[in-house]
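Shown next, in structure tokens, is the structure this report addresses.
Order of the sequence lines fixes the chain letters, A, B, ..., with proteins taken first and strands second; residue numbering starts at 1 for each chain. Both backbone and side-chain heavy atoms feed into the values below; hydrogens, waters and symmetry mates do not. Quick caveat, the model's predicted, so the values are computed rather than measured.
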There are 2 protein chains.
Amino acid sequence: MAETRATTTPRERYRAQVRTEIKERAWEQIATTGASALSLNAIARQMGMSGPALYRYFANRDDLIAALIRDAYRSLADACRLATEAGSGPDLAALAHGLRDWALADPQRYFLVYGTPVPGYHAPEDTTAITHEIMTLMLDACAALPPSGPASSFDAHLADHRQWAGDHPAPPGALHRALSFWTRLHGLLSLELAGHFAGMEFDPAEMFAAELDALLAG
Amino acid sequence: MAETRATTTPRERYRAQVRTEIKERAWEQIATTGASALSLNAIARQMGMSGPALYRYFANRDDLIAALIRDAYRSLADACRLATEAGSGPDLAALAHGLRDWALADPQRYFLVYGTPVPGYHAPEDTTAITHEIMTLMLDACAALPPSGPASSFDAHLADHRQWAGDHPAPPGALHRALSFWTRLHGLLSLELAGHFAGMEFDPAEMFAAELDALLAG
DNA sequence: AGACTGAGTGAGAAGCTATCACGGTGCGCT
DNA sequence: AGCGCACCGTGATAGCTTCTCACTCAGTCT
């Protein structure tokens, strides 16, 4: 008893393990059938349990999905940080490729974060914190770039509405570039992942590279 | 019997009317609860019918949703055409505002077209035809603009992969601009409609205008 | 006028989420 | 070491869903 390693009791460790196994099964199911068809019963069957047992671990279906969304956000933020940390200093191109790789690795995971929202849904506090984290990575990378062309009227608007950037020292032009980076790459990725380029024979990767070049040239 | 106005029998007219009423109720429901929560039973209740009655009009839930998607595509194409036809000659700015107005008018309808796809889904033939229609409007408007800056390497790629543009005479630069128009405005709209700009205090309309300006300047 | 087509119904199967009361097991504390 | 409790898992159950089927009734067409 000299030093209670009281961090986790056996019960807590078991509980955490079952929770992650449930989430793993859920991810498998989502990848093949989409989040809207996620079935707690099916997960329980796969795990050799009875349906109601899962309610010991998640309050309800929405609670499980919320946990998955939270993990997806966390995973996205980690992927973005990892991508920028690879080189020396913030690197918008590396960030872009990290984002794209993460999206392509599991399209339904991307859609859980950026896809169709259910009308009533409000993001919980912790995911908005992660959103800020990701936005900061983008702002860092944009601030490290040489300043772009002439200031637009939207730049002026952003100078007055930069509360969302926290106290980040990036100039309005960098704020604008970060937002464009986000919206433009999202537009491309979301259409690609949703299969809207299916009939067209151009290479989405080439267009992604072209958009990124344009963003960097700014 | 001199001239059978055989276009529609009474039965067919009644059937068509009930079908459209079902779809109207479905739209109301989708607007408030999202498409994933669409309930045939609830629609039947609202119409004072028993649940199974709806199966006379739509083979199943997916068939109803497919019909709604088809109508949404049709509505989008009409809105785009109307927007461009207002002025004299193709007008990319008018097209952009038509698109935005259509999206804001019913976000869930926008998401039915461009939102999270269910993994197995393949768009039926007729919606891909409408997609081509919309793309043609974009290409017309882009081809009417003064040619943009220096050709990028993606322009060269598009010169070799322009099958999706049919036999549209637009040069590769216009093809590129049409694709950028689509992906960039979609990125912006989809994030705005999904509420991802919620905490941020800038005006999405201003950013939309800025993106459009950048697109027009090329 | 008679026959047929098709709309709507109730019953019912199979699936889902979610709640509840109940048994057993293993953890922690004395 | 052993007692007690907290917690896990189960079966039963309610209420919802989609969807099928046999049946009835009404309107349409010949």
Practice task
Could you tell me the separation between the CD atom of Glu12(B) and the P atom of dT5(C), rounded to a whole number of Å?
Solution key: 15 Å
Problem - Nucleotide dC16(D), atom C1' - distance to CD1 of Ile43(B) in whole Å - result: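 These atoms are roughly 16 Å apart.
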Problem - Within residues 13-23 of chain A: residues closer than 4.0 Å to DNA chain D (heavy atoms) - result: Tyr14(A), Arg15(A)
Exercise for the section: Before giving the answer on side-chain contact (heavy atoms from CB on, under 4.5 Å), spell out for Trp164(A) and Leu179(A) the whole-Å C-alpha distance, their side-chain angles and the decisive distance to 0.1 Å. Expected result: CA-CA 11 Å; Trp164(A) 54 272; Leu179(A) 285 179; 3.8 Å; yes
Problem - Most 5' of Tyr57(A) and Arg45(B) on DNA chain D, judged by nearest nucleotide - result: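 Upstream on the strand: Tyr57(A).
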Handout entry: Side chains of Thr136(B) and His168(B), donor plus acceptor under 3.5 Å
Key =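 No - no donor-acceptor pair under 3.5 Å links their side chains.
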Fill in the blank from the handout: Residues passing the ring pair (Phe, Tyr, Trp, His ring centres under 6.0 Å) test with Phe197(B), sequence neighbours excluded, are Trp182(A), Phe202(B)
Handout entry: Ion pair Arg19(B)/Glu24(B), N-O distance below 4.0 Å
Key =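 Glu24(B) and Arg19(B): not salt-bridged.
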Practice task
State whether Arg74(B) and Glu133(B) are salt-bridged, where the test is any N-O pair (Lys NZ or Arg NE/NH1/NH2 against Asp/Glu carboxylate O) under 4.0 Å.
Solution key: yes
Contact list (N/O, under 3.5 angstrom) for nucleotides 24-30 of chain D vs protein:
none

Handout entry: Side chain Ser75(B), main chain Asp71(B), donor-acceptor under 3.5 Å
Key = no
Practice task
Keeping the roles fixed (side chain from Arg109(A), backbone from Trp102(A)), state whether a donor-acceptor pair exists under 3.5 Å.
Solution key: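 The answer is yes, because a donor-acceptor pair under 3.5 Å joins these two groups.
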Exercise for the section: Remember a base hit wins even if backbone is also touched, and classify Phe58(A) as base, sugar-phosphate or nothing at under 4.0 Å, heavy atoms. Expected result: nothing
Do any side-chain atoms of residues 42-57 of chain A form donor-acceptor pairs under 3.5 angstrom with protein atoms, and if so which ones, sequence neighbours left out?
none

Problem - Pairing residues for Arg162(B) by the salt bridge (charged side-chain N to carboxylate O under 4.0 Å, His left out) criterion, not counting sequence neighbours - result: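 None.
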Strictly under 3.5 Å: I want the nitrogen or oxygen pairs between protein and nucleotides 17-24 of chain C, one per line.
unit_1  : atom_1 : unit_2   : atom_2 : d
dT17(C) : OP1    : Leu40(A) : N      : 2.6
dT17(C) : OP2    : Asn41(A) : N      : 3.1
dA18(C) : OP2    : Tyr55(A) : OH     : 3.3
dA18(C) : OP2    : Arg61(A) : N      : 2.7

Fill in the blank from the handout: The reported gap from OG1 in Thr84(B) to NE2 in His97(B) (rounded to nearest 0.5 angstrom) is 14.5 Å
